[in-house]
Protein chains: 2
Amino acid sequence: MADVAEKAGVSRALVSIIFRNQAGASRETRERVLRVADEIGYRPDSAARLLARGRSRTLGVMFTVQQTFHTDLITGIYPEAERLGYDVLLSGATHGRSEAKAVEALLSHRCEAVILLGPDAEPDYLAELGQRTVAVSISRRVPQAHVDFVHSAEGKGVRQAMDHLVELGHRRIVHIDGGRGPGSAERRRAYRAAMRRHGLQAQARVIPGEHTEESGVETGRLLLAERDSGRPLPTAVLAGNDRCAMGLLMSLTRAGVEVPRDLSVVGYDDSHLSHLMPLGLTTVRQDAFLMAEHAVRFAVERLENGELPPREAVLDPKLVVRGTSGPVPAEGRRVPS
Amino acid sequence: MADVAEKAGVSRALVSIIFRNQAGASRETRERVLRVADEIGYRPDSAARLLARGRSRTLGVMFTVQQTFHTDLITGIYPEAERLGYDVLLSGATHGRSEAKAVEALLSHRCEAVILLGPDAEPDYLAELGQRTVAVSISRRVPQAHVDFVHSAEGKGVRQAMDHLVELGHRRIVHIDGGRGPGSAERRRAYRAAMRRHGLQAQARVIPGEHTEESGVETGRLLLAERDSGRPLPTAVLAGNDRCAMGLLMSLTRAGVEVPRDLSVVGYDDSHLSHLMPLGLTTVRQDAFLMAEHAVRFAVERLENGELPPREAVLDPKLVVRGTSGPVPAEGRRVPS
DNA sequence: GCGCTCTACTAGCGCGCTCTAGTTCGAGTA
DNA sequence: TACTCGAACTAGAGCGCGCTAGTAGAGCGC
C-alpha cells in the first residue's frame, strides 16, 4: 500500500479511500492509483483491513458436507450476501470434524455471524453460540435461545403431500422419518395428523430412517422383505427427504417394483436431485433460495440493528407433482416379484 | 488480551506465549492465565494474530458446490491439514459465482495456498494464479504452469475397467465422456486405446456428455431412442463419472432395462454415491482421501520449503467390481421393451 | 564473592490497514 | 478584500496480536 501511495505520489490514506470506494478522491487520482496498484499487483490485505476497521463484514456458514440440500442453500447464500456487502466463509462438518469445530473455525476467522444449515449439535451448545455471536439456524429450531430461525412450514408441506396421495386413492401410506434430522419431528407429527384427518390412523406407519440415500435403500429392503413374507407393500411412501426417496426408488425399482404404477413415492426438499429421474420426483419444494435469502437477511439485520428479539421466518412449502406419484394400484393387482 | 494480562497479573507478552503453547511460562502461571481467559471469554483474534505473524497458516479450497466427488475430497483435506497445523477455508463456485471469484475470496482472506478441486477456469488464469500464490490442482493438469498437480492415472483406471468388461464378453462398449470435465480427455483417450488393443476399434463409440446426472439421464434417453429405431443397445457403458453412471442407471432401469443382465455400467470416482445401489456400482476408485492428503502435503511443502519445481502426484486407481457389471447378454436374447 | 547459565518474565515495535481530525487550495460570496 | 466553504488530500493514532531483545532472579561451581 505504501508502495502504491509513493509510486502514485499520494498518501497512504488516499489509497485507502480509493480502495474503499469512498468519496474524497478526484477521478484522475483514483484512476492513476488504481492503475499503479494493478501494475504492482497490490490487493488490500483483508486481515489488516479487518483488524483496523473492527468489522469483518463476513458471514460464516456451517454445513454438512454431503447434504445436497445444503449445497442448494449455499448457492442461494452467496448472491444475497454479496448484495448486502458481506463476504461468505464456508466451513464443513464431516465425520471426523464436528459441527462445533467447524463453527469455531468460522469464529476464529472473525465471522460476525454464523448461519447454521440444519445443525445437529447439542441445543446447549447452540444456545451458548447464540449468546456469543449472531447465529441463524436453517431448518432446526433452537428453543429458548437467541438464535434466529428459518424453516418451511413442514406441516403444510406434509399435508399437501398427503392430500395429494389420498386423492389418488392411496390408503396404505407409509412415512420414512428423518430421525433426528432437521424438520423430521414436525413432518412425522404432520404425517400422523394427516392420516388421522383422513380416517386412516389405523394404517399409519412410521419407519425410522435418516436423511440419507442409505436409509432409503435400507427401507426398500425392509419393505421388500416384508412383502416376501406376506405383508403387502404400502401403495405410497412419504420419504423423509429427497435423498431418502432416491435411495428407496433405487432399491424398489431394481427389485421390479414399478413406480408409480405399483407404488408412489413422495420426497421432501426439491433438491437438485429431484429433477434427475426421467419422470422426476414428486416432492415438497422447500425454496432453498428463499430460505438462504432470509437467513442472510436475518444475520445482517441483527448485525446492523443491534438488539432484536429472536426471529423466525416460516416459508410455505409447495408440493411439486412429478412422475413418481400416481393413482393407487387396482385392488388385487399382482405386484411383479 | 490486555484484560487477561492485567487480571492475571502478567504482561501481555506472556499471555501471548501461553496461547501459542510456547515454552517460557511456568505451569502455575499458564494455568492461571488460561483460567482467567476462560472467565473473561477471551479467544485470540486470528486477524490480529495473522497480521502480526505474517503467516495465516490457512489453506483455501475452491470447489464446485454440487460435485459429490469434491465433497469426498474435502472430507479428506480437513484432517490432513489439521495434522500439519493448518486451517482450512472453503469457497464454492456456483452458477452465479465463478471459480475466479471463489479463489479471490480465499486469497483476500489470506490463504497462503489454494487447492483447486477439478478447476474449470481458463488455463491462463490458473497459470497466473500459480505465479501469484501456491496452487495445487486436483484432477486437472495446468500445463506449463507453476501449479502442483494431483490426479489418478486415468489411463490405468480405464484400462482396468475395459479389461474387466471385455473379459465378461462385452464387445459393444460405449463411453460417455465428461466433456471438458477434469480427467475426461485422458479417459476418452484410454477408452479408444483399449478398444483398439482389444481389436474393437470398429465398435468404439464416444457419446459426448458431462459429469452430471443429467448427462447420464440424457444419454440413457438417447440410447433407448436408438434402440426403438432398430439400433441395438450397447452391452456395456463406461460412464464419465459416477454421477453420470447414476443418471444413466436411473434412466435405463426405469425403462425396463435390467442391469447388469441386459447391460453393464461402470462408473468412475467411487464417490459415496457408488455404494448406494442395492447391487452397488462397479466403478473405478479414485482414492479421494489419498488425493486430498497429497494435495495438502504439496501445498504445505511448497509453503515451507520455498522454491520447488512444479510437482505431480499420480495415484493408481483401482477397479471396484460391484453389482452393475456382469456377463454379456446371450446372443439374440430379447431385451424387454 | 564472582561470573555463569537457565528459567520466567517484560517492553515495545511493527504487521497493513482504517479512521479521525486535520490542512491546503481554489472558487464563490458579501 | 476578506471571508466561507467544499473538494481533495494528509498525518498519525490505533486495531490485537507476535516477536525480538532484553531484564530479574534463582541456582550453581569455584
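Letters go in sequence order (proteins before strands), and every chain restarts at 1. The figures that follow rest on heavy atoms only: side chains count, while hydrogens, waters and symmetry mates do not.
- Within the 4.5 Å cutoff, the side chain of A:Y78 has no heavy atoms near those of the B:K101 side chain.
- B:A13 comes within 4.0 angstrom of a base, heavy atoms only.
- The interatomic distance linking B:N21 (CG) with D:dC19 (P) rounds to 13 Å, in whole Å.
- Within a heavy-atom distance below 4.0 Å of DNA chain C, the residues of residues 26-45 of chain B found are B:S26, B:T29.
- Nearest-nucleotide assignment on DNA chain C puts the 5′-proximal partner with B:G9, out of B:R12 and B:G9.
- A:D87 and B:H109 share a side-chain donor-acceptor pair at under 3.5 Å.
- Within the 3.5 Å criterion, the main-chain N or O of B:F149 finds no donor-acceptor partner in the side chain of B:R141.
- Between the side chain of B:H211 and the backbone N or O of B:N241, no donor-acceptor pair lies under 3.5 Å.
- Using the six-membered ring where Trp is involved, A:F63 and B:F63 have ring planes that are parallel, under 30° apart on the 30 and 60° scheme.
- Between B:A52 and B:L14, it is B:L14 whose nearest contact on DNA chain C lies nearer the 5' terminus.
- Counting only distance, with no hydrogens or angles, the side chain of B:S91 and the backbone of B:A102 share a donor-acceptor pair below 3.5 Å.
- Paired runs in DNA chain D that reach 3 or more consecutive Watson-Crick or G-U pairs, where each pair keeps both distances under 3.5 Å, cover C:1-30 with D:1-30.
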**OP:** Before giving the answer on salt bridge (charged side-chain N to carboxylate O under 4.0 Å, His left out), spell out for A:E104 and B:R43 the whole-Å C-alpha distance, their side-chain angles and the decisive distance to 0.1 Å.
**Re:** CA-CA 10 Å; A:E104 294 308 320; B:R43 283 178 316 124; 3.5 Å; yes
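- When only modelled atom types and interatomic distance are considered, A:E312 and A:H151 share a side-chain donor-acceptor pair under 3.5 Å.
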